Undergrad: 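Questions regarding the structure given below will be posed in turn.
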Amino acid sequence: NSRYLNDFEELQSLGHGGFGYVVLCKNKLDGRQYALKMIRLKDKSPPVNDRILREVATLARLQHQHVVRYYQAWIESRVAGNLEDSMWGSKTGRSSSFSCMGGSLSDTIGQEDMIESPYLYIQMEYCPRTLRQLFDSYRHFDKELAWHLFRQIVEGLGHIHAQGIIHRDLTPNNIFFDARNDIKIGDFGLAKFLKLEQLDQETTFPSDARHAPGVSIDGTGQIGTYFYTAPEIEQGWPKIDEKADMYSLGVVFFELWHPFGTAMERHIVLSDLKQKGELPAAWVAVFPEQASLLRLLMSPIPADRPSAVELLQDAFPPRMEYELLDNFLRTM
Ligand code: ATP
Ligand code: MG
Ligand code: MG
């Protein structure tokens with residue numbers, strides 16, 4: 001008997017990553033929408049399962065207005081045919097229907113496995129947009145908005161770090177907006193508990209290859225993480241701490257303050273920043289204070305980067321009226 005099929009109605013695919021996929025669902029009892037992440041468990045390799053289960057353990061431990069809200073998780077075997085038929089309207093076999101999502105799921109897993117495997121289901125808050133999507137349509141740049149969003153991200157990150165967790169994959173793709181346009185940090189698929197760090201460092205799994213040093217392809221085949229990854233992670237330092245997230249935060253901060261006209265411009269400017277530490281001179285002239293904060297956040301020495309708590313203490317100008325900003329966000 002499937003809890004998933006009993007309790008939820010599938011509405012729409014939200015995408016897929018390296019381990020599984022995410023579906024927008026309506027809970028039949030409470031009538032509300034949720035994002036359900038389904039991750040295939042590999043019964044023959046417990047270390048991989050441990051790693052997958054860590055995502056739930058991490059999410060369950062976090063409760064903050066700027067972290068994606070977690071509701072529950074369970075394991076059940078996925079019922080064959082269900083997803084394919086209801087979401088992609090295909091009754092003609094699952095390989096063709098899954099290819100609608102980009103083709104990688106059936107390629108990597110194989111059809112037989114998909115029918116039999118146990119899946120981990122994670123029910124979480126549905127977040128309709130990502131910061132990446134905002135950046136892609138960033139037309140009316142506004143200083144107050146940039147500070148407002150940055151503050152919410154730093155508050156969420158401060159909570160994550162206070163729980164002893166490093167996110168390790170902080171990018172505009174993993175920073176969401178909820179239905180009220182508040183920031184929610186999500187996707188803890190790569191997160192680590194600080195105290196476990198040393199135990200874990202020896203263990204690497206094949207599914208981690210795309211996060212190996214220098215590799216920049218994420219689960220959906222996009223070049224997603226390269227610009228945001230701290231140098232100590234790329235270089236494989238034995239001990240990584242929460243300052244790795246502060247580096248990623250720096251790049252996000254820069255994008256908040258520097259809208260790009262085209263994907264090409266973004267690529268060139270972020271490459272110069274990453275590889276040479278160079279900032280556009282015209283931008284530095286207009287935003288000298290932001291530039292010095294950015295240089296601190298992106299310092300090659302992790303200890304030189306400010307912490308989230310330090311940022312909250314002295315990096316922000318006085319708050320703006322919330323209503324004004326809310327109106328502003330609505331027009332974007
Ligand atoms: P990777 O395997 O590299 O982590 P990913 O981050 O894209 O890839 P997932 O975290 O599984 O993989 O997310 C898959 C898709 O689902 C993404 O497009 C993401 O934006 C979307 N998504 C994830 N969580 C939510 C959520 N709570 N609300 C709305 N969409 C979500
Ligand atoms: Mg993601
Ligand atoms: Mg992910």
Side-chain angles (χ1 to χ4, degrees), residues 8 10-27 32-42 48 51-56 58-60 62-73 83 87 98 100-105 107-109 119-136 153 156 160 165-192 205-212 215-229 233 245 248 252:
F8 296 93
E10 294 168 339
L11 299 178
Q12 184 194 316
S13 163
L14 294 171
H16 68 94
F19 286 111
Y21 38 105
V22 182
V23 179
L24 172 63
C25 290
K26 184 171 144 182
N27 182 292
R32 299 185 67 91
Q33 295 188 341
Y34 298 94
L36 265 85
K37 189 166 188 168
M38 302 160 203
I39 306 170
R40 182 173 164 272
L41 293 172
K42 298 174 185 149
V48 178
R51 185 176 180 77
I52 291 169
L53 292 170
R54 194 182 301 151
E55 178 170 352
V56 199
T58 309
L59 206 52
L62 299 169
Q63 285 191 40
H64 190 268
Q65 72 248 49
H66 298 306
V67 174
V68 170
R69 194 161 159 203
Y70 158 85
Y71 292 90
Q72 59 167 340
L83 263 171
M87 292 203 315
F98 269 105
C100 301
M101 298 176 73
S104 64
L105 196 62
D107 294 348
T108 45
I109 299 175
Y119 273 72
L120 169 69
Y121 288 71
I122 306 175
Q123 181 190 351
M124 57 190 164
E125 171 182 17
Y126 168 53
C127 299
R129 282 202 303 169
T130 64
L131 187 60
R132 163 64 41 228
Q133 287 166 323
L134 175 77
F135 286 158
D136 288 346
I153 298 167
I160 293 165
I165 292 163
I166 325 171
H167 188 288
R168 299 202 308 169
D169 197 16
L170 193 72
T171 72
N173 274 319
N174 291 336
I175 299 173
F176 296 86
F177 287 98
D178 68 10
R180 298 177 53 229
N181 276 325
D182 278 330
I183 289 283
K184 304 278 166 146
I185 299 175
D187 195 350
F188 290 83
L190 279 181
K192 270 192 186 234
F205 304 111
S207 49
D208 251 11
R210 68 211 149 88
H211 299 291
V215 176
S216 59
I217 309 292
D218 68 17
T220 48
Q222 295 166 321
I223 297 174
T225 55
Y226 169 73
F227 295 130
Y228 306 91
T229 306
I233 292 184
D245 289 339
S248 314
V252 172

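Predicted, not measured: the structure shown is a model, and the values here were computed from it. In listed order, ligands and their atoms are each counted from 1. Sequence positions, counted from 1, serve as the residue numbers for this chain. Below, all heavy atoms of this structure are taken into account, side chains as well, without hydrogens, waters or symmetry copies.
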Undergrad: Taking only heavy atoms of M124, which atoms of ligand 1 are found under 4.0 Å from at least one of them?
TA: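 Contacts of ligand 1 toward M124, numbered from 1: 24 (N), 27 (N).
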Undergrad: Should you measure from each heavy atom of A35, which atoms of ligand 1 turn up under 4.0 Å away?
TA: 26 (C), 27 (N), 28 (N)
Undergrad: Can an N or O of G15 be found at a distance shorter than 3.5 Å from an N or O of ligand 1?
TA: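 No: no nitrogen or oxygen of G15 is under 3.5 Å from one in ligand 1.
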Undergrad: Enter the distance from L131:CG to I153:CD1 here, rounded to the nearest 0.5 Å.
TA: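 Taking CG in L131 and CD1 in I153, the distance rounds to 5.5 Å.
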Undergrad: Look at the N, O or S atoms of T171, main chain and side chain alike, and state whether any lies under 2.8 Å from the Mg ion (ligand 2).
TA: no
Undergrad: May I ask you to list the atoms of ligand 1 that are less than 4.0 angstrom from any heavy atom of D187?
TA: 4 (O), 5 (P), 6 (O), 10 (O)
Undergrad: Between K37 and ligand 1, find which residue part has any heavy-atom pair under 4.0 Å and reply side chain, backbone, both or neither.
TA: side chain
Undergrad: Side chain, backbone, both or neither: which part of F176 has a heavy atom under 4.0 Å from ligand 1?
TA: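 Side chain only; the backbone of F176 stays clear of ligand 1.
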Undergrad: Are D178 and R180 ion-paired here, with the side-chain N under 4.0 Å from a carboxylate O?
TA: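 No.
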Undergrad: Which value, rounded to the nearest 0.5 Å, describes the distance between I233 atom CD1 and Y228 atom OH?
TA: 14.5 Å
Undergrad: Do you know which two heavy atoms are closest between Q72 and F8, and how far apart they sit?
TA: NE2-CZ, 4.4 Å
Undergrad: Determine whether a donor-acceptor pair (N or O, by modelled atom type, separation under 3.5 Å) exists between the side chain of H167 and the backbone of G186.
TA: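 Here the side-chain-to-backbone pair exists.
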Undergrad: Whether D187 and K37 form a salt bridge (side-chain N of Lys/Arg under 4.0 Å from carboxylate O of Asp/Glu) is what I want to check.
TA: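 Here K37 pairs with D187 in a salt bridge, since their nearest N and O are under 4.0 Å apart.
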Undergrad: Is the backbone N or O of D169 less than 3.5 Å from a side-chain atom of N174, with the two atoms forming a donor-acceptor pair by type?
TA: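 Checked: pair present.
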Undergrad: Could you list which atoms of ligand 1 come closer than 4.0 Å to a heavy atom of E125?
TA: 26 (C), 27 (N), 28 (N)
Undergrad: Tell me which N, O or S atom from D187 is the closest to the Mg ion (ligand 2).
TA: OD2
Undergrad: For ligand 1, does L14 get within less than 4.0 Å through its side chain, its backbone, both, or neither, judged by non-hydrogen atoms?
TA: both
